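For reference, the structure is listed below as structure tokens.
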Amino acid sequence: MNLTDLSATALAKAIKNRETTSKEVTAAFIENIEKQNAGLKAFVSKEFETALQAAEDCDKRVAAGEKDLSLLFGVPVALKDNMCYEGTKVTCCSKILENFIAPYDATVVEKLKAAGMPILGKCNMDEFAMGSSTENSIYGPSLNPWNRERIPGGSSGGSAVAVASRMAPVSLGSDTGGSIRQPASCCGTVGLKPTYGRVSRYGLVAFASSLDQIGPFSRNIEDAAALLNVIAGYDPKDSTSIKTEVPDYSRFLNQSVKGMKIALPKEYLGKGGLSLDVSEAVKEAIAIYTKLGAEFGEVSLPHTEYCLATYYIIATAEASSNLARYDGVHYGYRNKNAKSLYEMYTSTRAEGFGDEVKRRIMLGTYVLSAGYYDAYYLKAQKVRTLIKRDFDKVFKDYDCILTPTAPTPAFKIGEKLADPIQMYLSDIFTISVNLAGIPGISIQGGFSREKLPIGIQLIGKPFMEGELFKLAHAYETATSWIKSRPPEAK
Ligand code: GLN
């Protein structure tokens, strides 16, 4: 049995039962990275020595007979390159942070360390998490392991590729408008965006603070549930994290979904450039859930058509403010040849940021400027409330909402680069979930005729990630999609 084929929870069990060691497991994933990363570009930095050292420490604890080890004890993990891991580079795949070393650990990193999870390295992403294809990375795009002419999705593309190609058993990404769920859909993995406030954002480089949330990538639901248990919880260092109990998410696995009520929003089906393959996968998901005893009803989320516009006002406004700190003085890159302070600021930012990031900073600055604030930013905040209310209304009668994750399977590298609006439309089904602050999960829902994975999205009530795991696990058990794997990249 190849260790890298086992799920994260199975690996943890094998480590605890002394059938293998954390060091063997970590070394096996490192070997896979060495073999495949040149062909897939999932990792932008590798921390193998520290990972192996952490694995050895885990093995000593097992050998000493320590009890109460975490659910993922000894299992290695990969991080998106926008999370601080003390003493290592955190670049956000931007020139402006190219040589920036994290001065402290993000809360999620502290939690991974406390759970005994060796960190393999950092994964590729769109610059500052702005994008849907990983093409906006200074390191160049990650490639989709199912077809290397296709994008892996974004912005957490590298984290998705690492898990899909078995270079890591699980990984973390961040999701502001779809950046965990859309790459999960493109690469055929599980990807969860938790409720806003469920996971601490301390040490996550901010893109749009009222939307950003960290979440897990995995190859099955059990692993996603276990990893959420590791990273979730209140954190006094993040004032937006919420003090509410974190349930044991494994309790929601292997439960019946009989009688559960699933809503189908009419605005999400049949519109938004939905491909035939995706709409067939959704129909099949409905048929499977019906067989499992769930009940469906059509609903309306009437403000859906305003989601994209609202998001691109709020997200860019917050980004323009968050990215003001990269001025050549405090962080990262500085143009050292500038002749005045003003020139140093402007040339540092002009040289340090890529085109998409500049586009967002300009848009965000514009919607916040005097005279436009009321017309754009304030209006968008009001529409955001209406979007949230649409969901509240549906959740009075339903347990969950089912939609496609993305309108199409992974598109070709380069296909949407010249047209930002087309790129933005990749997140048409995921963005509303961030605006409403609620949880959403993308699960493997089959393949297109071109053998590309298709994701199904389940959206839940605030803090009801458990219900999503329940539904997702029932679907995973009733299908065999997760058994498929991409060819090895040489
Ligand atoms: N693709 C969306 C954007 O470009 C969402 C990104 C994200 O979730 N980080 O803003």
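All ligand and atom numbering here is 1-based and tracks the order in the structure. On a predicted model such as this, the values are computed, not experimentally measured, just so you know.
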In this structure, does ligand 1 have an atom that sits under 4.0 Å from one of the heavy atoms of [X]?
X	answer
Tyr424	no
Gly178	yes
Glu356	no

- Message: With a 4.5 Å cut-off on side-chain heavy atoms, are Arg166 and Pro486 touching?
- Response: yes

Atoms of ligand 1 less than 4.0 Å from [X] heavy atoms?
X	answer
Tyr312	2 (C), 3 (C), 4 (O), 10 (O)
Phe207	9 (N), 10 (O)
Ala129	6 (C), 7 (C), 9 (N)
Ser155	9 (N)
Asp175	8 (O)
Met130	4 (O)

- For atom 4 (O) of ligand 1, which of Gln213, Arg360, Met423, Lys193 has the closest heavy atom? Arg360

- Query: Does the side chain of Asp223 pick up a donor-acceptor pair with the side chain of Ser218 at under 3.5 Å?
  - Reply: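 Judged by distance alone, the side chains do not pair up.
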
- Do Thr195 and Glu465 have side-chain atoms, one donor and one acceptor, less than 3.5 Å apart? yes

Judging by distance only, is a nitrogen or oxygen of [X] under 3.5 angstrom from one on ligand 1?
X	result
Ser132	yes
Gly154	no
Gly177	yes

- Item | Residues Glu110, Lys237: salt bridge by 4.0 Å N-O rule | yes

- Is the distance between the ring centroids of Tyr326 and Phe100 less than 6.0 Å? no

- Do we get Lys122 above Tyr85's six-membered ring, with its NZ or CZ under 6.0 Å from the centre and within 45° of the axis?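 Not satisfied by the 6.0 Å and 45° rule.
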
- Task: Using the ring of Phe252 (Phe, Tyr or Trp, six-membered ring only), decide whether Lys470 places NZ or CZ under 6.0 Å from its centre and within 45 degrees of its axis.
- Result: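 Ring-cation test returns no.
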
- Query: Ser275 side chain to Thr408 main-chain N or O, any donor-acceptor pair under 3.5 Å?
  - Reply: no

- Query: Does any N or O in the side chain of Glu127 come within less than 3.5 Å of the main-chain N or O of Gly354, such that one atom is a donor and the other an acceptor?
  - Reply: yes

- For Val163, which of Pro169, Pro145, Ser171, Pro183 qualifies under side-chain contact (heavy atoms from CB on, under 4.5 Å)?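 It is Ser171, the one option of Pro169, Pro145, Ser171, Pro183 that forms the side-chain contact (heavy atoms from CB on, under 4.5 Å) with Val163.
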
Suppose we measure from [atom] to each protein heavy atom; which comes out shortest, and what is that distance?
atom	value
atom 6 (C) of ligand 1	Ser179 OG, 2.8 Å
atom 1 (N) of ligand 1	Asp427 OD2, 2.6 Å
atom 5 (C) of ligand 1	Tyr311 OH, 3.3 Å

